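Only a predicted model underlies this, so the values are computations on that prediction, with no experimental measurement involved.
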Amino acid sequence: MTSILVTGGTGTLGRLVVERLRADGHEVRVLSRHSRPHAVDLREGGPGLDAAVAGVDAIVHCASSPRGGDERAAANLVAAARRAGVRHLVYISIVGVDRVPFGYYRSKHTVERLVEESGLGWTVLRATQFHDLLVMVFQALAKPPVMLLPAGVRDQPVEVAEVAGRLAELAVGEPAGRVPDLAGPEVRTFESLARAYRAATGRRRAVVNVPLAGKAYRAFRSGGHLAPRRAVGKGTFEEYLARRFGGAGGR
């Protein structure tokens with residue numbers, strides 16, 4: 001049995017990692033800002049963080065926020081892991097963080113470098129966007145009478161449970177450095193994904209593609225966030241929609 005700490009262990013991804021590891025018989029500690037006994041804000045660090053990492057064999061770092069602070073949180077976690085002599089640090093990143101000049105992606109790429117230069121045994125897995133994230137985006141875009149989509153953008157969503165399973169496998173293995181990306185089974189136009197969401201939810205919204213400006217948009221449009229050669233995921237967006245909304249979805 002391995003002792004493993006999962007940061008962000010109550011989030012969309014982290015809770016599934018925790019469930020998988022516990023189902024496999026491992027001792028798991030959950031760290032998040034509000035989950036006792038390890039209620040810790042990684043951006044602040046402190047004695048609570050040292051207590052959380054003490055005696056664990058591995059850490060799966062899932063905690064992240066697009067609102068900022070990931071770099072400071074990772075630096076605090078790395079420092080605590082070094083003090084505790086943790087053997088293995090596993091980090092979940094995003095496909096394209098080194099190709100798309102988007103603020104959150106740049107932050108994730110910086111954290112990758114902190115992990116790589118930590119002096120710890122490390123593993124980094126990059127994944128494409130989760131189905132859940134796309135639904136959040138489409139829910140926001142569907143509030144007005146017309147869904148305005150970024151023209152020419154494609155996506156390759158992946159099932160979050162598959163990413164969680166892979167992270168659990170990596171956590172109990174030896175440090176492996178940068179491992180092959182995990183991407184969803186299909187590269188789809190953003191419009192086709194939006195129409196599938198609209199069909200599954202019964203939303204009656206016109207869909208309009210709008211060209212945007214900027215380096216980040218151009219990088220997304222050129223597919224910098226895609227990994228078509230790593231389309232190893234199994235679950236499709238329509239299958240996810242059917243589970244969540246009870247419909248069949250549609251293209």
Side-chain angles (χ1 to χ4, degrees), residues 8 11-13 62 64-70 92-111 126-163 181-231 233-251:
T12 300
L13 173 63
C62 297
S64 183
S65 173
R67 292 185 293 274
D70 277 13
I92 179 64
S93 189
I94 306 171
V95 170
V97 292
D98 53 345
R99 299 190 296 263
V100 178
F102 181 59
Y104 182 52
Y105 280 35
R106 284 173 167 161
S107 177
K108 297 285 283 187
H109 195 210
T110 298
V111 174
R126 291 180 181 176
T128 51
Q129 289 73 31
F130 302 153
H131 295 139
D132 313 64
L133 176 61
L134 281 183
V135 167
M136 287 176 58
V137 170
F138 293 143
Q139 285 173 335
L141 293 177
K143 288 180 180 179
V146 176
M147 290 182 72
L148 301 178
L149 307 177
V153 173
R154 296 162 295 155
D155 213 340
Q156 193 178 358
V158 68
E159 174 59 50
V160 64
E162 295 181 89
V163 179
D181 298 341
L182 177 51
E186 302 174 302
V187 175
R188 302 272 297 277
T189 66
F190 213 59
E191 180 178 350
S192 76
L193 294 164
R195 290 187 182 279
Y197 165 79
R198 191 182 62 173
T201 59
R203 300 274 183 133
R204 296 180 179 230
R205 297 287 188 275
V207 174
V208 177
N209 291 290
V210 179
L212 302 177
K215 293 181 179 179
Y217 169 64
R218 288 196 295 271
F220 280 122
R221 185 165 180 164
S222 68
H225 61 305
L226 306 176
R229 295 183 179 179
R230 290 296 304 163
K234 304 299 183 185
T236 68
F237 190 51
E238 277 78 11
E239 289 169 342
Y240 169 80
L241 292 172
R243 289 198 310 274
R244 179 160 177 177
F245 299 108
R251 298 196 187 182

Inset, instruction - For the pair Arg188 and Glu238, find out whether any cationic side-chain nitrogen is under 4.0 Å from an anionic carboxylate oxygen. - result: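 Yes, this pair counts.
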
Legend entry - Note: Asp98-Arg126 ion pair, threshold 4.0 Å (strictly below):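 Yes, charged N to carboxylate O under 4.0 Å.
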
Inset, instruction - Could you list the residues that satisfy side-chain hydrogen bond (donor to acceptor under 3.5 Å, both in side chains) with Thr201, not counting sequence neighbours? - result: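 Thr201 satisfies side-chain hydrogen bond (donor to acceptor under 3.5 Å, both in side chains) with no other residue.
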
Inset, instruction - Taking the side chain as every heavy atom from C-beta outward, state whether Leu13 and Ile92 have any pair of such atoms under 4.5 Å apart. - result: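 Contact flag for Leu13/Ile92 side chains = yes.
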
Inset, instruction - Check whether any side-chain heavy atom of Arg205 sits under 4.5 Å from a side-chain heavy atom of Val146, and report yes or no. - result: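 With C-beta onward as the side chain, the pair stays apart.
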
Inset, instruction - Under the ring pair (Phe, Tyr, Trp, His ring centres under 6.0 Å) rule, collect the residues that match up with Phe237, sequence neighbours excluded. - result: His131

Inset, instruction - Check the pair Arg243 / Glu239 against salt bridge (charged side-chain N to carboxylate O under 4.0 Å, His left out), numbers first and verdict last. - result: CA-CA 6 Å; Arg243 289 198 310 274; Glu239 289 169 342; 5.5 Å; no

Spacing of [X] atom [atom1] and [Y] atom [atom2] [to the nearest 0.5 Å]:
X	Y	atom1	atom2	value
Asp155	Thr189	CG	OG1	10.0 Å
Arg106	His109	CZ	NE2	11.5 Å
Leu141	Leu149	CG	CG	6.0 Å
Arg67	Ser107	CZ	OG	13.0 Å
Ser64	Ile94	OG	CD1	6.5 Å

Legend entry - Close aromatic pair by centroid cut-off 6.0 Å: Tyr197 and Tyr240: no

Legend entry - Full working for side chain to side chain contact (heavy atoms under 4.5 Å, CB included) between His225 and Arg99: CA-CA 7 Å; His225 61 305; Arg99 299 190 296 263; over 6 Å; no

Legend entry - Ring geometry between Phe138 and Phe190 (parallel below 30°, tilted from 30 to 60°, perpendicular above 60°):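 Aromatic pair Phe190/Phe138 classed tilted.
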
Inset, instruction - Given side chain to side chain contact (heavy atoms under 4.5 Å, CB included), test Val208 with Met147 step by step and report yes or no. - result: CA-CA 6 Å; Val208 177; Met147 290 182 72; over 6 Å; no

Legend entry - Whether Arg230 side chain and Asp181 backbone form a donor-acceptor pair below 3.5 Å: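 At least one qualifying donor-acceptor pair exists.
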
Legend entry - Side-chain donor/acceptor of Gln156 to backbone N/O of Ala227, under 3.5 Å: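 Between the backbone of Ala227 and the side chain of Gln156 there is a qualifying donor-acceptor contact (under 3.5 Å).
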
Inset, instruction - Go through the steps to decide whether Leu182 and Thr128 satisfy the test side chain to side chain contact (heavy atoms under 4.5 Å, CB included), and finish with yes or no. - result: CA-CA 7 Å; Leu182 177 51; Thr128 51; over 6 Å; no

